[in-house]
Amino acid sequence: MQIDFAAIEKKWQSEWEKNRIFEADPDEKPKFFITIPYPYLNGNLHAGHTRTLTIGDAIARYMRMRGYNVLFPMGFHVTGTPIIGLAELIAKRDERTIEVYTKYHDVPKDVLLGLTTPEKIVEYFSNEALKALKGIGYSIDWRRVFTTTDEEYQKFIEWQYWKLKEKNLVVKGSHPVRYCPHDQNPVEDHDLLMGENATIVEFTVIKFYLDDNEKIIFPCATLRPETVFGVTNIWVKPTKYVLAKVNDETWFVSKEAYEKLTYTDKKVELIKEVDAKDFIGKFVINPLTKNKVPILPAEFVDTDNATGVVMSVPAHAPYDYVAIEDLKKNEEYLKKFNLDKSLIENLKPIVLIKVEDENYEIPAKEIVEELEIESQNDVEKLEKATKVLYKKEFHKGVLLEITGSYTGIKVSQIKDRLTQDLIEMGIGDVFYEFSEKPVVCRCGTKCVVKLVKDQWFLNYSNPEWKKRVLEHLESMKIIPDYYKEEFRNKIEWLKDKACARRKGLGTRIPWDKEWLIESLSDSTIYMAYYILAKYINSGELKAENITQELLDYVFLGIGDVSEVAKSSKLSKELVERIKMDFEYWYPVDLRSSGKDLVANHLLFFLFHHVAIFPPDLWPRAIAVNGYVSLEGKKMSKSKGPLLTMKRAVKEHGADVTRMYILYAAEYDNDADWRRKDVEGLANHLRRFYSLALEYYTKEQKQLTKLDKWLISRFQRAIKETIEAMDNIQTRRAVNTAFFEVMADVRWYLRRGGENLGVIFDDWLKLLAPFAPHICEELWHLKHDTFISLEDYPEFDESKIDVGAEAIEEYLKTLIEDAKEILKFVEEPKEIYISPAEEWKKEVVNIVLRCNNMKDAMKEIMSNEKFKKMSKEVSAFVKRAFKEKKDGLLVFEINEFEVIKENIKFLEKELGVKVSLDSDKIPESKKKAAMPGKPAIFVI
RNA sequence: GCGGGGGUUGCCGAGCUAGGAAAAGGCGCAGGGCUUAAGACCCUGUCCCGUAGGGGUCCGCGGGUUCAAAUCCCGCCCCCCGCACCA
């Protein structure tokens, strides 16, 4: 049947808008404030947005029908660099960009070419987004829309930053970034030619002093500073190094290290190039133990890794152990450096870590021997030995007495503490290095780690702040629940975040105007801004009115109305009204978002709320959903493929698009958009529509047992749908409310049901959150209210009819069994059916007697005749217990009567004459009968 | 490496925290019905064997507990995602 989805959708969208039914203001009902992260507008809204937003809208509509006053607002995010980047690419007529934006974002080429400034892009895409969001029928309160570059919004952001500053949560500091010396810019992943997987690792530098010249420092770099207690010597590569002035010290480092140091916050100056050979054989002092140890040559030293000077810990480092053994064996090499063999022979490994349950003499020695490592050239095995040993010691190792005050500390917990101590003592430092190399910029230049100085940071590492966030997390609802653990881990992992930028759209840091506030940091508590936005859009509130005092008062209750009104040049009444709005709507009851925002936005969302607002205004719940792929392929905004929201709606209709995306996947699972499946769903909806036309307005007849079955089954669907929606399981909800009910409807019609209309009022309501337009249209066949504002159906236990359900179940199995038998009979003439009353009583009695299935099964299974059919019996007993729990043991149904009453139906289904004459059934067949499974005999 | 999730029938996916028949629902495929026809719709089948409702196999792999395990316990293999200054 042809249905003009588009016309129906347009009609109701305009009705909703005209009647302002989604504009939410405080009232006496309980409130529900749901927000979805505003989309970033460097392109059109796509299927990914569609998923997150449709889930949000379905929840909003559901909660509204459940009796809540629901606020579902939306804004647009445009701060940051990508929009500027896009404007530049369009201005440059970048071919790839033009292709992607015309082909995938559906921007007409002539329009696209005009989008050469960030402002034009923002204007264009926000208009498009608005059209898309309205065209899919989201129940958004559009009076509150805004864009993050609005002057008023910037006032709000400034306020937020002042609050953080007051609490000392924005601090100055330095941080290491990947940096391209040629471009003189930090590099992001997509700017890299090589080394995308490299991370920045922090080496601890320990300053060994040259014995005969205390001014020269050998800065040994290590990832395991605790091994400083086991140093027997230090290694340098026999090649050219340099002496450099680093701050006020003289360091001996590799040439590469010198280069790298120039990008740090240290003052660095080259003194001269030196030959490492001139230092080999000399001694340095271990600054912590004061031990005097020799400088020795080693070929394995990589001058391009950290300082190019390393400590040797033969007890715990396989490389060091082997290198020393190599030296002992190679007299010629020793001679070359004028080294005395006895010096080497006297190097005794110093063990400083004990691994629980193991009794190694010298761990490195043992593993080297175990793996039969011959020399330091055996790199592959050495890497393996190192990895195995380090891992074991890191996880299970404990420091021995030799480490003095660190005795007993776990290796896994020592690094940061010891490094900190060393720095405080003036004998330590840190050196940042890439975890893998090379790291090369797109321009071909090798990247370095640069320490950006004097930057503003959000002090997320602040333990007090973290603690409060963690505590709040425990009281929140996180959906799905295992993401709570994920959040816990991420909160602990979160470090200080640089929050200032040179480039991009955004708000300037109010006390340091040369910096822009980084765009993730300006979108943390903006849900509060939706309250203001209504008044801003109505013209009652202007940028100049939005003073610090006003926001302090509205959001935090600080200050006095009269003064606030005066300073903000607003009426007292308006100030109070805004404040009351805020107090009514806040906190956010649910933030529903894509899973990509867990480790960033959602985290910051929590941190900033905890920092700025009192505990009763902290968010209550977070829900996380997965991505959408297209025909199995990952979508990409910048490369394609991409399906825009508008296109999906245009091609398939809003309701089909919504329902498909809600049904395609649950929670954080990814959904796949498959055109064929979408069309299949459209058919289902058409079928639903025509069923409604046929039965909804039809006059009802007297209710039969079958009708009661339908009603009973439908009650179960209501219950499960509500349960699913309360858990934000839209897939389960649609599956139940639509597909499973549909399956029951099919059976109902097949059984000759005529009163399908009895469930339709409720069925339409049940489906309204998912397919609101169609439901609204059909609802109006009989009503003149908005279904969107009706009460959601409630589970009514009194309508459950276990007896009716048992009958239909019974008939289904009976038909199934009979058909199974009929397969084997060539020309069936008649089928005899006879219930097994005796066995049934026996089993039912046991079930009634026993408290649980386990005991019942034990008893039943002790009977040989049941044991033979353990599968069938257990199934029956399981059902019996379920029914027993539901209050009635429906297997009390009179099978004989049921068959008798439905004999016509059975004959129609089976295509043969059905008879209830048990005398005609041979004993052998009667034996196969079970409770609920009558004896069947075909002639 | 660390952390989170997961491996179920041709596919997508329930079920797995309360152990109880090859295991919901959707898709696909095959056959049949309806229809002038197509589409839609309805029915049946879709692990293997079977001329009586049965038997066998089965939920990543290997063990164990139990009358009974996809579900509980132990060991192993494999896959996906995050690890940041980017929205």
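The chains referred to below are lettered A, B, ... by the order of the sequence lines, with proteins before strands, and numbering in each begins at 1. The model shown is predicted, which means the values in this text are computed figures rather than measured ones.
- Per the geometry, OH belonging to Tyr483(A) stands 10 Å off P belonging to G82(B), to the nearest Å.
- Taking atom C1' in both G1(B) and C16(B), the straight-line distance is 30 Å, to the nearest Å.
- In this structure, Leu597(A) atom CG and C86(B) atom P are separated by 17 Å, rounded to whole Å.
- Residue-level contact check: Val938(A) touches the bases, meaning some heavy atom is under 4.0 Å from a base atom.
- If you take atom P in U44(B) and the same atom in U36(B), they sit 24 Å apart, rounded to whole Å.
- Side-chain proximity of Asn489(A) to the nucleotides G53(B), G3(B), A87(B) is greatest for G3(B).
- Asp672(A) comes within contact range of no nucleotide atom at all, as no heavy-atom separation falls under 4.0 Å.
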Anything under 3.5 Å between a protein N or O and an N or O of nucleotides 26-35 of chain B, put it in a table, one pair a line.
unit_1: G26(B); atom_1: OP1; unit_2: Arg746(A); atom_2: NH2; d: 3.1
unit_1: G26(B); atom_1: O4'; unit_2: Tyr663(A); atom_2: OH; d: 2.9
unit_1: G26(B); atom_1: O3'; unit_2: His684(A); atom_2: NE2; d: 3.3
unit_1: C27(B); atom_1: OP1; unit_2: His684(A); atom_2: NE2; d: 2.5
unit_1: C27(B); atom_1: O2'; unit_2: Asp677(A); atom_2: OD1; d: 3.2

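- Straight-line distance from the NE2 atom of His46(A) to the C1' atom of A87(B): 11 Å, rounded to whole Å.
- The nearest whole Å value for the distance from the CZ atom in Arg686(A) to the C1' atom in G39(B) is 10 Å.
- At least one side-chain heavy atom of Phe487(A) sits under 4.5 Å from a side-chain heavy atom of Ile622(A).
- A salt bridge is defined here as a Lys NZ or Arg NE, NH1 or NH2 lying under 4.0 Å from an Asp or Glu carboxylate O, and Arg750(A) with Glu909(A) meets this definition.
- Within the nucleic acid shown, Asp496(A) comes within 4.0 Å of at least one base atom, counting heavy atoms only.
- No engagement by Leu749(A) is indicated, since no non-hydrogen atom pair under 4.0 Å with the nucleic acid exists.
- Taking the P atom of each, U65(B) and G54(B) are spaced 30 Å apart, rounded to whole Å.
- Judged by a 6.0 Å distance limit and a 45° cone about the ring axis, Arg51(A) is not positioned over the six-membered ring of Tyr627(A).
- One atom, CG of Leu662(A), and another, C1' of G25(B), lie 16 Å apart when rounded to the nearest Å.
- Across all strands shown, Lys495(A) has heavy atoms under 4.0 Å from base atoms, whether or not it also approaches the sugar-phosphate.
- A salt bridge links Arg713(A) with Asp744(A): the closest approach of a Lys/Arg side-chain nitrogen to an acidic carboxylate oxygen falls below 4.0 angstrom.
- At the heavy-atom level, Phe937(A) lies under 4.0 Å from base atoms of the strands shown.
- Nucleotide G1(B) is matched to C83(B) when pairs are restricted to Watson-Crick or G-U wobble geometry with both distances under 3.5 angstrom.
- Using a 4.0 Å heavy-atom distance criterion, His601(A) is classed as making no nucleic acid contact.
- Nucleic acid contact for Thr81(A): sugar-phosphate only, since backbone atoms but no base atoms lie under 4.0 Å from a heavy atom of the residue.
- Nucleotides C48(B) and A23(B), compared at atom P, are 15 Å apart to the nearest Å.
- Using a 4.0 Å heavy-atom criterion, one finds that Glu485(A) contacts the sugar-phosphate atoms exclusively.
- When the nucleotides G53(B), A24(B), C41(B) are ranked by their closest atom to the side chain of Asn683(A), C41(B) comes out on top.
- Among the nucleotides C41(B), A87(B), G53(B), the one closest to the side chain of Arg687(A) is C41(B).
- Checked for salt-bridge contact, Glu631(A) and Arg675(A) miss the test: no charged N lies under 4.0 Å from a carboxylate O.
- Rounded to whole Å, the P atom of C58(B) lies 12 Å from the corresponding atom of A22(B).
- Between A24(B) and A18(B), the two P atoms lie 23 Å apart (nearest whole Å).
- In this structure, Asn600(A) reaches the bases: a heavy-atom distance under 4.0 Å links it to at least one base atom across the strands shown.
- Around atom NZ of Lys639(A), no more than 12 heavy atoms belonging to other residues, nucleotides or ligands sit under 6.0 Å away.
- Taking the centre of each ring, His175(A) and Phe457(A) come in below the 6.0 Å mark.
- If you take atom C1' in C81(B) and the same atom in G45(B), they sit 39 Å apart, rounded to whole Å.
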